[in-house]
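First up is the structure itself, then whatever we jot down about it.
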Amino acid sequence: MAKIGLFGGTFDPPHLGHLISAQTIVDHLALDKMIFIPAGRPPHKCHQIISHADRRLKMVQLAIADNPQFEVSDWELHQTGPAYTILTIEHFSSAFPNNSLFWIIGADSLADLPTWREFRRLIESINIVTAWRGGVDIEKVLNNLARTLDPAHFEKLKKNLVRTPMIELSATEIRQKVRQGHSIRYRVPPAVEQYIINEGLYR
Ligand code: ATP
């Protein structure tokens, strides 16, 4: 039975923060692979302009090309309408029926979990792994969740907390740097940097 991580994100663009976090979780949980899942139309980013799906998919492909444990799925990119996590998890659960699946979220998202569509079923149907990279008051988040969730659900979430390095990078900052004509070298893999330059993204 393989252990497979699922890492959703906008990835506009993918950066070293994503890659370091994904690798830390692969190592910590001894995952066989991590599947990056670029979001079609993230429900929480519906008012923001994001790069075309093909370009985000290409950038993730370039970012992970040299890592045999990393894969990318275009599944969410083909969905019409908002891609709720529960739908994605149902898809991957039926695509990999005999495997252990781990859905990766950031500690900031953990606080919002009770607002997600069908969050109880979500917690039951997959191992939700929280990547905690500091910056978020995790005790406070956990205390709030303990008050909101069933004890069994709360315990399941709490035991899947993984400490990841604090990498002060965001896709927003990278897009802004490109727009301002600043270098993004070392913030994204060289192939992603080259693609952004060649395609004239974020200008
Ligand atoms: P944006 O700035 O456009 O909101 P982002 O950099 O936060 O983008 P996303 O694609 O939205 O990137 O994030 C996908 C996932 O990666 C989320 O779970 C997010 O918490 C995580 N993530 C984002 N930045 C980092 C980072 N520097 N280190 C570790 N994980 C990160």
Side-chain angles (χ1 to χ4, degrees), residues 5-29 31 34-64 67 70-77 82-86 88-89 92 101-113 115-116 119 122 126-138 141 157 160-180 182 184 186-189 192-193 195-196 201-203:
L6 304 172
F7 187 28
T10 317
F11 302 124
D12 190 20
H15 53 67
L16 292 217
H18 298 134
L19 297 171
I20 291 169
S21 183
Q23 186 63 51
T24 304
I25 293 164
V26 163
D27 294 341
H28 187 88
L29 299 176
L31 301 183
M34 182 73 89
I35 304 178
F36 288 64
I37 307 172
R41 177 45 71 179
H44 60 291
K45 289 188 180 176
C46 58
H47 300 302
Q48 187 179 322
I49 297 168
I50 58 173
S51 297
H52 192 273
D54 293 345
R55 288 178 149 164
R56 290 184 293 117
L57 176 65
K58 181 70 189 169
M59 286 191 284
V60 175
Q61 286 167 339
L62 292 170
I64 66 170
N67 187 332
F70 286 177
E71 289 180 16
V72 61
S73 163
D74 62 359
W75 187 80
E76 278 201 359
L77 298 174
Y84 290 105
T85 301
I86 188 71
T88 304
I89 286 173
F92 281 93
L101 299 183
F102 298 79
W103 181 262
I104 317 304
I105 62 171
D108 43 345
S109 305
L110 180 65
D112 300 335
L113 195 66
T115 67
W116 291 15
F119 71 92
L122 204 67
I126 198 163
N127 302 297
I128 296 181
V129 174
T130 305
W132 177 45
R133 52 186 147 110
V136 172
D137 183 347
I138 199 73
V141 171
L157 289 174
N160 278 329
L161 204 60
V162 178
R163 193 77 169 88
T164 55
M166 177 84 172
I167 312 287
E168 279 278 8
L169 279 181
S170 73
T172 303
E173 184 218 359
I174 290 166
R175 294 194 299 273
Q176 198 177 350
K177 283 201 174 294
V178 175
R179 202 160 37 244
Q180 294 167 342
H182 295 140
I184 55 167
Y186 307 125
R187 287 177 162 80
V188 297
V192 173
E193 182 192 9
Y195 182 85
I196 291 170
L201 298 188
Y202 312 130
R203 294 223 163 264

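Numbers for residues simply follow the sequence, beginning at 1. Counting starts at 1 for both ligands and their atoms, in listed order.
A 6.0 Å sphere centred on CD of Glu168 holds no more than 12 heavy atoms belonging to other residues, nucleotides or ligands.
By the 30° and 60° cut-offs, the orientation of the rings of Phe36 relative to Phe11 is tilted.
Within the 4.5 Å cutoff, the side chain of Ile37 has heavy atoms near those of the Trp103 side chain. At least one side-chain heavy atom of Met59 sits less than 4.5 Å from a side-chain heavy atom of Leu201. Residues Ile104 and Met34 form a side-chain contact, since some pair of their non-hydrogen atoms from C-beta on lies under 4.5 Å apart.
Geometrically, ligand 1 and Pro165 share no nitrogen or oxygen pair separated by less than 3.5 Å. Residue Leu169 places at least one N or O, backbone or side chain, under 3.5 Å from an N or O of ligand 1. Inclusion of Phe11 in the set of residues having an N or O under 3.5 Å from an N or O of ligand 1 is warranted. Here's the thing with Thr172: one of its N/O atoms is less than 3.5 angstrom from an N/O atom of ligand 1.
Set against the non-hydrogen atoms of Ile167, the atoms of ligand 1 under 4.0 Å away are 26 (C), 27 (N). Listed by number with element, the atoms of ligand 1 under 4.0 Å from a non-hydrogen atom of Arg175 are 3 (O). Atoms of ligand 1 lying under 4.0 Å from at least one heavy atom of Gly17, given by number and element, are 26 (C), 27 (N), 28 (N), 29 (C), 30 (N). For ligand 1, the atoms closer than 4.0 angstrom to any heavy atom of Gly106 are 18 (O), 20 (O).
The nearest pair of heavy atoms linking Val188 to Pro14 is CG1-O, 3.5 Å.
Heavy atoms of Ala171 found under 4.0 angstrom from ligand 1 belong to the backbone as well as the side chain.
Using a 4.0 Å cutoff on heavy atoms, Gly8 counts as a contact of ligand 1. Residue-ligand proximity: Thr164 is placed with every non-hydrogen atom at 4.0 Å or more from ligand 1.
Checking His18, Glu168, His15, Arg133 against atom 30 (N) of ligand 1, the nearest heavy atom belongs to Arg133.
Between the Thr10 side chain and the Asp12 main chain, no donor and acceptor come within less than 3.5 Å of each other.
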